[in-house]
Amino acid sequence: MTHPGPQPVERQLPTEEARDLLALVRDLADREIRPQAAEDEDAGHFPREVFALLSTSGLLGLPYPEEYGGGSQPYEVYLQVLEELAAARLTVGLGVSVHTLACHALAEFGSKQQRTEHLPVMLGGGVLGAYCLSEPASGSDAASLVTRAARTGDDWTIEGTKAWITHGGVADFYSVLARTGDQGPRGITAFLVPGDTEGLSAAAPERKMGMKGSPTAQVHFDGVRVGDERRIGDEGQGFSIALAALDAGRLGIAACAIGVAQAALDEGLRYTAERQQFGRPIADFQGLRFMLADMATQIEAGRSLYLTAARLRDAGRPFSKEAAMAKLFCTDTAMRVTTDAVQLLGGYGYTLDFPVERYMRESKVLQIVEGTNQIQRMVIARQIAGRESR
């Protein structure tokens, strides 16, 4: 029996332009990202040169308006680009998702003057952003953040520490949520802070079990002064701005998760087609064939779920519940599929000679970032069953 091995993903894309874009991304990933992914992750190399290439290629601002240097692509297309990048190297796919998240506040809630002044550089100027919401004692309960911004005339002074910041220490700009009023969600305001502002510094990157090439660090704000022109939205509007960004960001994580899962399935298909036992490829054995079938089905279901949520967003309809469902299902799928891929490869799957062990380690963090999967279940339950009784 002949086993074809992995096949290209059949994508439903709305335009010929989108098909050309995905072809460009696949080619770029095959040439510039995938060949060095394992070595660079093992060395903890942050691929700044790849992000520079993505910027010049117009891939760091895809969902934002063309008038500001973006690609004016629907989320339906942007997320499939993320999936392709994450399949090549999660550090890159997740990095693009975080950069897009960092641009969201200004793009959606900034003034016309702010967007005109800052967005072209943020979307296509070779710079990279970070998103600062979480704190050492404020993760899932983001509304309890304590980093404070105090106003003095036309300036704000920011004091505090943010935690678990992707691109912490290497970002060129930070979208920062800080407390400007009373406790609770209504006392939070958003700011755009340049990465080279005096008083802004980053701790040593966290030592992680996966994604070693993506720096995650605490970011310290010690008397960081920014002008009021860098305040995004109204005072006290920051928490609603953050929630809107997180809904979109969860879709980015969902797409990245499916990309990693697809890469693991492809490796499993390749290995089982080539590995011989008992005189024939192990892809002939029903137990393994059923595993492959389950992996493929879960991936396709996850892809359909995140695309459904994306199409709701593109149509201007509510999508918070569907975004939470997509983030939950797709990241759980990535964990299951990558674990099964390690099992398919047997002892080889547990070695650094094959990428599936890296995919499994990387998948774990996707169940945690952008709101843990326990938080996603709370979001979904509140949408379908109402808020909890007090």
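- Here the options are Gln218, Glu135, His220, the test is side-chain hydrogen bond (donor to acceptor under 3.5 Å, both in side chains), and the partner is Lys162; only Glu135 passes.
- The hydrophobic cluster around Ile165 extends to Trp156, Ile158, Tyr174, Val176, Phe191, Val193, Leu200, Val219, Phe221, Val224, Val226, counting ILVMFWY residues whose side-chain heavy atoms fall within less than 4.5 Å of a member.
- Heavy-atom neighbours of Glu198 CD from other residues, nucleotides or ligands within 6.0 Å: at or below the threshold of 12.
- By the 4.0 Å N-to-carboxylate-O rule, Asp40 lies too far from Arg358 to be salt-bridged with it.
- Across Ala18 and Val77, no two heavy atoms sit closer than the pair CB-CG2, 3.8 Å.
- There is no side-chain donor-acceptor pair under 3.5 Å between Thr339 and Arg336.
- Listed for the Gln376 side chain is a donor-acceptor partner under 3.5 Å among the backbone atoms of Gly371.
- Panel note: side chain Ser144, backbone Asp141; a donor-acceptor pair is recorded below 3.5 Å.
- Grouping Ile, Leu, Val, Met, Phe, Trp and Tyr by side-chain contacts under 4.5 Å, direct or through others, leaves Phe290 on its own.
- Cluster annotation: Ile299 and Phe329 are assigned to distinct hydrophobic clusters (Ile/Leu/Val/Met/Phe/Trp/Tyr, side-chain heavy-atom contacts under 4.5 Å, transitive).
- Within a 6.0 Å radius of CZ in Phe285, more than 12 heavy atoms belonging to other residues, nucleotides or ligands are found.
- Using a distance-only test at 3.5 Å, with no hydrogens or angles considered, a donor-acceptor pair links the side chain of Arg179 to the main chain of Asp182.
- In this structure, Glu159 places its CD atom where more than 12 heavy-atom neighbours from other residues, nucleotides or ligands lie under 6.0 Å away.
- Taking each heavy atom of Phe319 and Ala309 in turn, the nearest pair found is CB-O, 3.8 Å.
- Of the possible donor and acceptor atoms, one in the side chain of Arg48 sits under 3.5 Å from a partner among the backbone N and O of Val170.
- The local environment of CD in Glu66 is sparse, with at most 12 non-hydrogen atoms from other residues, nucleotides or ligands closer than 6.0 Å.
- Within a 6.0 Å radius of CZ in Arg19, other residues, nucleotides and ligands contribute more than 12 heavy atoms.
- Met291 and Tyr359 end up in the same hydrophobic cluster when Ile, Leu, Val, Met, Phe, Trp and Tyr side chains are linked at under 4.5 Å.
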Show your working on salt bridge (Lys or Arg N to Asp or Glu O under 4.0 Å) between Arg377 and Asp332 and close with a plain yes or no. CA-CA 12 Å; Arg377 289 177 170 90; Asp332 281 354; 3.3 Å; yes
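- Residues Val25 and Phe51 share a hydrophobic cluster, clusters being chains of Ile/Leu/Val/Met/Phe/Trp/Tyr side chains in contact below 4.5 Å.
- The one candidate from Arg34, Arg89, Arg11 that meets the salt bridge (Lys or Arg N to Asp or Glu O under 4.0 Å) condition with Glu84 is Arg11.
- Side chains of Gln298 and Asp294: no donor on one and acceptor on the other come within 3.5 Å.
- Judged by distance alone, with hydrogens and angles left aside, the side-chain atoms of Ser55 form a donor-acceptor pair with the main-chain N or O of Gly126 at under 3.5 Å.
- Among Tyr64, Tyr131, Tyr78, the one residue that satisfies the side-chain hydrogen bond (donor to acceptor under 3.5 Å, both in side chains) test with Thr100 is Tyr78.
- Side-chain atoms of Thr308 and Glu322 form no donor-acceptor pair, as typed in the model, at a separation below 3.5 Å.
- Counting heavy-atom neighbours within 6.0 Å of Gln113 CD, excluding the residue itself, gives a total of 12 or less.
- The backbone N or O of Gly195 sits nowhere less than 3.5 Å from a side-chain atom of Asp172 that would complete a donor-acceptor pair.
- Nearest heavy-atom pair, Val356 versus Leu345, reported as atom, atom and distance to 0.1 Å: CG2-CD2, 3.9 Å.
- The backbone N or O of Gly233 lies less than 3.5 Å from no partner atom in the side chain of Gln114, so there is not a single donor-acceptor pair.
- Checked by atom type and distance alone, the side chain of Glu41 pairs as donor or acceptor with a backbone atom of Gly213 at under 3.5 Å.
- Each ring pair (Phe, Tyr, Trp, His ring centres under 6.0 Å) pair with one or both residues in residues 87-106, not counting sequence neighbours, appears once here: His99-Phe173.
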Under the salt bridge (Lys or Arg N to Asp or Glu O under 4.0 Å) rule, what do Arg151 and Asp228 come out as? Steps first, then yes or no, please. CA-CA 9 Å; Arg151 187 162 188 170; Asp228 189 55; 3.4 Å; yes
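- Side-chain atoms of Thr152 do not come within 3.5 Å of backbone N or O of Asp155 as any donor-acceptor pair.
- Counting only N and O atoms by type, the side chains of Tyr306 and Glu83 include a donor and acceptor under 3.5 Å apart.
- For Gln7, the CD atom sits in a packed shell: over 12 heavy atoms of surrounding residues, nucleotides or ligands are nearer than 6.0 Å.
- Formation of a donor-acceptor pair under 3.5 Å by the Glu76 side chain with backbone atoms of Leu13 is not found in this model.
- In Glu17, the CD atom is not crowded: 12 or fewer heavy atoms of neighbouring residues, nucleotides or ligands sit closer than 6.0 Å.
- One finds a salt bridge joining Glu67 and Lys112 here, because a Lys/Arg side-chain nitrogen approaches an Asp/Glu carboxylate oxygen to under 4.0 Å.
- Following chains of ILVMFWY side-chain contacts shorter than 4.5 Å, one can reach Val337 starting from Tyr271, so the two form part of one hydrophobic cluster.
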